[in-house]
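Order of the sequence lines sets the chain letters (A, B, ...), proteins ahead of strands, with each chain counted from 1. Because the structure is predicted, anything quoted here is derived from the model rather than measured.
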Number of protein chains: 2
Amino acid sequence: MSVVIMREILDIQKQLLPDLMDVMKKRYSILQHILVSGVVGRRTLASSLDMTERVLRGEVDFLKEQGLLETDASGMKISESGRRLLEAMEPIIKMAFGLTDLEESIRKAFQISQVIVVPGDSDTSTFAKKELGRAGAAALRKYVSKDDIIAVTGGSTMAQIANNLAISSKMKGSWFVPARGGLGESVDMQANTIASIMAKKTGGKYRLLHVPDHLGEEAYQSLIQDPQIQEVVNAVRSCRIVVHGIGDAMVMARRRKVDAETTRTLQADGALAEAFGYYFDRQGNVVHKMPTVGLRLEDLQRVEVVIGVAGGKSKGEAIASVLRHGQEDVLVTDEAAALEIMKHV
Amino acid sequence: MSVVIMREILDIQKQLLPDLMDVMKKRYSILQHILVSGVVGRRTLASSLDMTERVLRGEVDFLKEQGLLETDASGMKISESGRRLLEAMEPIIKMAFGLTDLEESIRKAFQISQVIVVPGDSDTSTFAKKELGRAGAAALRKYVSKDDIIAVTGGSTMAQIANNLAISSKMKGSWFVPARGGLGESVDMQANTIASIMAKKTGGKYRLLHVPDHLGEEAYQSLIQDPQIQEVVNAVRSCRIVVHGIGDAMVMARRRKVDAETTRTLQADGALAEAFGYYFDRQGNVVHKMPTVGLRLEDLQRVEVVIGVAGGKSKGEAIASVLRHGQEDVLVTDEAAALEIMKHV
DNA sequence: TATACCCGGGACATAAAACGTCCATCATTT
DNA sequence: AAATGATGGACGTTTTATGTCCCGGGTATA
């Protein structure tokens with residue numbers, strides 16, 4: 001309960017002071033180290049905290065000024081009010097940096113440039129799901145630049161991201177396009193719908209790609225010859241940013257009404273995860289792809305920013321599979337999924 | 001409930017990140033101004049916020065980066081998420097800086113160098129009383145320098161300050177002395193007791209001044225001839241710092257068992273407040289002084305730092321009287337008293 | 001339609017802060 | 001008594017923040 005309020009306050013403040021947490025953690029861990037060390041010297045402490053001597057000295061001077069620690073010729077030690085402060089801070093730090101540590105572990109394990117973990121479990125909490133959307137939207141805004149082409153997929157998570165986008169001069173010139181052709185999902189979670197919502201919310205532009213599923217080969221061939229469609233497909237393939245959800249393979253297969261034959265194949269091949277129309281096994285190998293047009297796996301190589309967004313304990317393993325494939329640049333997930341992911345490193 | 005948590009977090013942050021809190025306030029008020037202005041230009045805003053154009057620009061660039069405001073050729077305006085943030089931050093800012101504003105008003109109204117206001121009402125909350133002690137101790141620590149002589153008075157607030165002092169190399173060479181001779185108060189709140197506690201807590205030294213009340217003139221004269229006593233009195237009069245409580249005149253008179261005759265005089269003269277043995281009326285004039293040795297009013301002129309500490313709604317008017325006398329350099333009080341004080345400007 | 005005004009943003013020299021590095025001096029321990 | 005390890009001062013260098021000016025472009029007004 002109080003944790004929620006705490007987190008809320010910090011989240012609000014982080015918008016105005018993004019480096020708030022960094023500074024807080026730095027100063028906290030200095031005090032913390034001094035507390036456990038009893039009396040300690042500047043150089044010793046600097047190396048144990050992996051800081052240069054000079055910058056540690058700056059912080060120590062500050063902390064001394066605040067009366068949180070004391071120095072004498074034998075070294076530094078924590079003061080009474082410093083000890084009290086540390087005690088009061090513990091829950092805050094633990095809450096705020098439990099997730100940060102998770103982020104860091106995942107980032108290192110899969111060699112991703114950024115990982116964002118929001119609190120909670122999207123499977124059971126709609127609040128967590130909304131948070132995921134907010135964080136996803138923030139991540140997208142961070143990476144977008146003038147006049148980008150942004151390819152997006154469908155799904156409830158992506159819909160949540162669209163929900164949390166706001167008008168922004170940065171995205172005014174951007175194009176939103178669906179990463180792949182039509183899916184058998186409900187309309188308001190289709191990639192097409194989401195691309196258009198995102199464009200409307202941000203003030204950007206959009207192009208749609210309506211390619212029905214289960215098309216016969218000849219109808220398919222003539223469709224992709226269509227100049228209109230080709231134009232969109234080319235735009236999709238030359239996108240700079242991809243934002244996509246990640247799903248459980250079997251769940252997605254069912255939702256897309258994949259025929260029994262294919263489902264069996266998927267199962268036999270150990271398909272675990274689905275993302276932008278591709279199915280992945282535990283090792284991150286592609287075992288199947290959805291028969292439609294749009295972004296191909298080989299295009300991903302050239303895409304500058306691939307942002308995967310998915311949460312919920314049940315998706316943890318699927319997310320790990322996709323990460324293992326090694327094309328992701330940014331992962332946005334929730335606490336429950338993150339913990340699952342770490343079980344599969 | 002949540003208010004308590006919020007205050008706790010902010011309190012921690014104020015200790016650990018005072019500089020960032022200022023930045024937070026700055027950015028908040030920029031957004032705030034833009035909100036009420038609708039669309040506004042950089043230069044206009046800069047002058048209205050009393051900032052230079054360049055530094056405002058830096059902040060605006062940051063806020064734009066965060067997606068909190070938008071700019072076009074006609075000027076800047078707040079974005080949707082900016083508006084939401086502003087709304088969410090209002091209670092935080094109010095809590096974090098409401099007291100700061102009070103401090104500033106009192107500081108200006110009475111021309112004091114520093115005012116510190118802690119939350120709450122010492123009359124009704126022991127927590128507020130403790131806070132007052134903590135803040136008083138912090139103020140003393142701030143102003144003390146090597147080998148100072150510090151004169152202190154008695155009273156429960158001063159006892160609370162003594163409680164919150166901690167060993168400190170800064171105060172190791174300091175002398176603590178009682179500002180005036182003995183009072184008819186209970187032993188553990190007498191100036192003598194408090195001076196000795198403070199010395200013990202900080203690692204400093206102390207001298208006591210035992211001059212019984214209601215001494216006959218001849219006994220008094222012979223007492224103040226005593227070299228031991230003279231030495232202490234001289235120390236007191238040459239002190240660099242004074243820390244004193246402030247009381248309601250009538251309450252103090254009763255507590256000191258002042259005789260009925262004097263009490264009537266006090267009432268007739270409009271005595272409202274008492275501090276270091278002097279009684280003040282509403283205009284800050286001295287209407288009576290306690291017959292004992294020690295710090296005289298004329299010594300105060302020379303004293304470099306006079307720190308007054310008192311809180312509680314009931315003491316507001318008394319504090320205002322003493323402030324009006326115009327010898328205070330630092331005031332430490334609580335929210336309830338501060339609000340009362342502001343009614344008497 | 002012409003004009004005067006205010007806008008954001010680019011540019012750049014300069015002031016200020018942060019930082020890396022070295023050293024003098026002091027207390028404590030061996 | 002020497003050696004170790006501590007703080008705090010000093011100083012040159014690098015990075016950041018700031019003051020200032022100007023430009024091209026919208027906008028409201030005459």
Between [atom2] of [N] and [atom1] of [X], the distance in whole Å:
X	N	atom1	atom2	result
A/R57	C/dA17	CZ	C1'	15 Å
A/M51	C/dG20	CE	P	11 Å
B/L63	C/dG9	CG	P	13 Å
B/D50	D/dG19	CG	C1'	15 Å
B/K77	C/dC7	NZ	P	15 Å
B/L45	C/dG9	CG	P	14 Å
A/R42	D/dG8	CZ	P	7 Å
A/E70	D/dG8	CD	C1'	17 Å

Considering only side-chain heavy atoms of [X], which listed nucleotide, [options], is closest?
X	options	answer
B/T71	C/dG8, C/dC19, D/dG8	C/dG8
A/A73	C/dC7, C/dC22, C/dA27	C/dA27
B/E53	C/dC6, C/dG8, C/dG9	C/dG9

Sugar-phosphate only, base, or nothing, as touched by B/D61 at under 4.0 Å among non-hydrogen atoms: nothing
Sugar-phosphate, base or nothing in reach of B/V40, heavy atoms under 4.0 Å: sugar-phosphate
B/K64 side chain near C/dG8 phosphate (N/O to OP1/OP2, under 4.0 Å): no
Any B/T44 side-chain nitrogen or oxygen under 4.0 Å from OP1 or OP2 of C/dC7: yes
B/Q114 side chain to B/Y143 side chain, donor-acceptor N/O pair below 3.5 angstrom: yes
Distance-only side-chain donor-acceptor flag, A/R57 / A/T52, under 3.5 Å: no
5' priority, DNA chain D, between B/R54 and B/R43 [closest heavy atom]: B/R54
Comparing B/G75 and A/T52 on DNA chain C - which has the more 5′ nearest nucleotide: B/G75
Main-chain N/O of B/S113 paired to B/D329 side chain as donor or acceptor, under 3.5 Å: no
Heavy-atom donor-acceptor pair, A/S81 side chain to A/G67 backbone, under 3.5 Å: yes
Pair A/R141 + A/D148: basic N to acidic O under 4.0 Å: no
